[in-house]
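Worksheet: one structure, shown below.
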Amino acid sequence: MKIIKTIAELEPIAGSGRKKAFVPTMGNLHAGHLKLIEVAKRRVSSQNGLTVASIFVNRLQFAPHEDFDQYPRTLDQDCELLEAHGCDVVFAPDESVLYPSPQTVRVIPPTELADLWEGHFRPGFFTAVCTVVAKFFSMIRPDVAVFGQKDYQQLKVIELMVRQLNMPIQIIGVPTQRNESGLALSSRNNYLSQAQILKALELQAQLQKVAHDVHHTTLDFASITSKASQDLTQKGWQVDYVSLVKQSDLTLAHRGQDKQLVCLAAAKLGNTRLIDNLEITLTTEVPST
Ligand code: AMP
């Protein structure tokens with residue numbers, strides 16, 4: 001496996017003519033990231049293709065009060081894991097390589113999508129994500145790029161960017177990988193105490209409860225999610241949002257109209273902000289108890 005720090009070293013790989021599947025990450029890899037590598041590898045290995053991962057903690061996507069400085073950086077361990085999982089190339093540039101001068105050109109996704117949910121609570125987040133991902137796409141020129149459904153809105157934003165900018169890249173979404181108890185794997189789980197790791201399960205449990213209420217009651221969706229939000233608050237969480245939205249455009253869904261739903265949630269446990277989601281498909285409007 002090649003570990004690359006500069007754009008000059010990357011260029012022969014980008015221009016090699018071989019198929020490339022790309023997995024962007026911020027490092028501190030866990031089994032969720034490694035699943036993306038596995039999916040990427042499967043996409044190109046039969047064609048003698050290359051699997052390329054990036055590791056870069058993108059300062060632009062952190063607000064001043066967020067955890068940029070604290071974010072776990074474990075490059076050596078990450079490279080060992082990537083090598084063991086058959087990754088071919090790791091691109092781990094320093095900030096000075098990616099941003100040699102202030103990044104004044106940015107890719108701004110539309111407010112209708114990017115100012116909802118995560119974008120509302122993290123203003124500018126998706127512009128920062130699109131900008132860095134577009135830069136990686138230009139430098140690596142992948143055929144395929146793999147993202148996690150854990151960051152559901154991010155995946156939607158990237159799909160839209162690729163479509164509207166006619167980037168010749170196939171975007172693949174991979175289901176959220178969880179620990180044996182159902183907690184979505186996340187680098188930010190490292191901030192949690194043992195007790196908080198158990199408590200963190202409450203977030204997915206509330207999403208399951210929302211799905212149950214969608215399927216088995218006639219309650220309107222806003223009542224279901226505000227109850228979920230209240231329950232989490234009562235349990236000591238600081239809730240940013242629990243929302244039942246349409247899978248297609250992430251705007252609010254309504255009972256009787258929408259069937260392809262996803263419940264998106266973000267909440268803080270202590271100082272740690274966690275996100276999770278659950279897709280819900282309604283096949284019938286008749287509640288069955
Ligand atoms: P990050 O390092 O947090 O920027 O994540 C890099 C990629 O891994 C993103 O596409 C994430 O959606 C994806 N990812 C993170 N956690 C998980 C998970 N538990 N399951 C699947 N994909 C994940």
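Order of listing sets the numbers, starting from 1, for every ligand and every atom in it.
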Would you mind listing which atoms of ligand 1 come within a distance below 4.0 Å of any non-hydrogen atom of L36?
7 (C), 8 (O), 10 (O), 13 (C), 22 (N)

Examine V146 against ligand 1 and note whether any of their N/O atoms are separated by less than 3.5 Å.
no

Starting from atom 15 (C) of ligand 1, find the nearest protein heavy-atom neighbour and note its residue, name and distance.
H30 CE1, 4.0 Å

Please list all pairs passing the salt bridge (Lys or Arg N to Asp or Glu O under 4.0 Å) test where one or both residues lie in residues 176-188, with sequence neighbours left out.
D67-R188, R178-D276

Taking H85 as the fixed residue, which of L29, L34, T51 is the one that meets the side-chain contact (heavy atoms from CB on, under 4.5 Å) rule?
L34

Under 4.5 Å between any side-chain heavy atoms of M139 and L98, yes or no?
yes

Option from H120, R273, K268 for which side chain to side chain donor-acceptor pair (under 3.5 Å) with D240 holds
R273

Polar contacts were defined as any N/O atom of the residue lying under 3.5 Å from an N/O atom of the ligand; does this apply to M26 and ligand 1?
yes

Going by the order shown, which atoms of ligand 1 are within less than 4.0 Å of some heavy atom of F147?
10 (O)

Is there side-chain contact between V162 and F137, with at least one heavy-atom pair below 4.5 Å?
yes

Is any side-chain heavy atom of L250 less than 4.5 Å from a side-chain heavy atom of V262?
yes

Side chain, backbone, both or neither: the part of S187 lying under 4.0 Å from ligand 1 by heavy atom:
neither

Beyond-backbone contact of Y191 with Q196, side-chain heavy atoms, under 4.5 angstrom:
no

Starting from atom 1 (P) of ligand 1, which protein heavy atom do you reach first, and at what distance in Å?
H33 NE2, 3.7 Å

Can you list the ligand 1 atoms lying under 4.0 Å from a non-hydrogen atom of L185?
16 (N), 17 (C), 18 (C), 19 (N)

Can you report which non-hydrogen protein atom sits closest to atom 22 (N) of ligand 1, along with the distance?
G148 CA, 3.5 Å

Purely on distance, is any nitrogen or oxygen of S186 under 3.5 Å from one on ligand 1?
no

K209 and D213 ion-paired at < 4.0 Å
yes

Can you pull out the closest protein heavy atom to atom 12 (O) of ligand 1? Residue, atom name and distance to 0.1 Å, please.
D151 OD2, 2.6 Å

Please identify which atoms of ligand 1 are closer than 4.0 Å to at least one heavy atom of P175.
21 (C)

For P24, which part has a heavy atom under 4.0 Å from ligand 1: side chain, backbone, both, or neither?
backbone

What do we get for Q177 next to ligand 1 when only non-hydrogen atoms under 4.0 Å count, side chain, backbone, both or neither?
both

Any idea which part of Q149 is under 4.0 Å from ligand 1, heavy-atom wise: side chain, backbone, both or neither?
neither

Can you list the atoms of ligand 1 that are under 4.0 Å from a heavy atom of T25?
2 (O), 6 (C)

Quick check: do P109 and T127 have side-chain heavy atoms less than 4.5 Å from each other?
yes

Does Q247 reach the side chain of Y152, with side-chain heavy atoms less than 4.5 Å apart?
yes

When you compare the side chain of Q206 with that of V242, does any pair of heavy atoms fall below 4.5 Å?
no

Heavy-atom contacts with T176 under 4.0 Å: which atoms of ligand 1 show up? List them by number with element.
19 (N), 20 (N), 21 (C)

